[in-house]
Amino acid sequence: QVQLVESGGGLVQAGGSLRLSCAASGRTFSSYSLGWFRQAPGKEREFVAGMAWSGGGTRYSNSVQGRFTISRDNAKNTVYLQMNILKPEDTAVYYCAARQYGGISYTPREYDYWGQGTQVTVSS
């Protein structure tokens with residue numbers, strides 16, 4: 001079992017920055033591929049960023065490419081999402097997720113563990 005706890009969300013003005021953290025506990029964190037997803041009211045959960053278990057590969061959605069950066073610190077069992085140049089359309093609940101087998105997936109159902117989510121609100 002892996003437990004994930006997100007933090008770092010909040011209210012920020014457009015153009016600002018936030019850094020989300022996701023602390024993991026449980027089994028070997030370094031062997032899991034990780035992803036950040038978000039879900040806005042009335043919309044489906046969507047992929048934002050992902051990092052392969054080996055740490056060697058990352059993927060981003062087109063909407064955040066160049067503005068968001070995913071990183072991980074295996075020694076701290078933590079994955080981060082640095083979000084810059086935030087836009088009102090980035091407003092959503094952000095979730096981190098861990099996948100035990102395989103690389104980065106864009107599909108939520110392919111992840112085994114989820115955090116409870118953290119709200120990010122970007123005002124215009």
Would you mind reporting whether T118 and V93 have side-chain heavy atoms less than 4.5 Å apart? no

Once you measure the plane-to-plane angle for Y106 and F47, does it fall in the parallel (<30°), tilted (30-60°) or perpendicular (>60°) bin? tilted

When rounded to the nearest 0.5 angstrom, what is the spacing between OG in S31 and CD in Q100? 6.5 Å

Are R72 and Y80 in a cation-pi setup, meaning NZ or CZ lies under 6.0 angstrom from the ring centre and within 45 degrees of the ring axis? no

OG1 (T121) and CD (Q13) are apart, to the nearest 0.5 Å, by 13.0 Å

What one should report as the nearest heavy-atom pair of A92 and Q119 is O-NE2, 3.4 Å

Nearest heavy-atom neighbours spanning V2 and A24: CG1-CB, 4.3 Å

Does the side chain of Y94 reach to within under 4.5 Å of the side chain of L81, using non-hydrogen atoms? yes

In this structure, is the centre-to-centre distance between the rings of F37 and Y111 below 6.0 Å? yes

Would Q82 and T69 count as a side chain to side chain donor-acceptor pair (under 3.5 Å) if you check the C-alpha gap in whole Å, the side-chain angles of each, and the deciding distance to 0.1 Å? CA-CA 5 Å; Q82 177 67 44; T69 303; over 6 Å; no

Whether the E110 and S105 side chains hold a donor-acceptor pair (N or O, under 3.5 Å, no angle test) is what I'd like checked. yes

Are the side chains of Q116 and Y95 in contact, using a 4.5 Å heavy-atom criterion? no

Under 3.5 Å, is there a donor-acceptor pair between the side chain of N74 and the main chain of N77? no

Find out whether W114 and L4 are in side-chain contact, i.e. whether some heavy atom of one side chain is under 4.5 Å from a heavy atom of the other. no

Which heavy-atom pair separates A14 from P88 by the least distance, and what is that distance? CB-CD, 4.1 Å

Pick out which of I104, V48, T58 makes a side-chain contact (heavy atoms from CB on, under 4.5 Å) with I70. T58

Q3 vs S25, side chain to side chain donor-acceptor pair (under 3.5 Å): CA-CA, chis, key distance, verdict: CA-CA 5 Å; Q3 293 79 42; S25 60; 3.1 Å; yes

Minimum heavy-atom distance E6-C96, with the two atoms named: OE2-N, 2.9 Å

Partners passing side-chain hydrogen bond (donor to acceptor under 3.5 Å, both in side chains) against R67 (at least two apart in sequence or in another chain): D90

Compare every heavy atom of S21 with every heavy atom of T78, then report the nearest pair and how far apart it is. CG2-CB, 4.3 Å

List the atom of I85, the atom of S17, and the distance in Å for their closest heavy-atom pair. N-OG, 4.3 Å

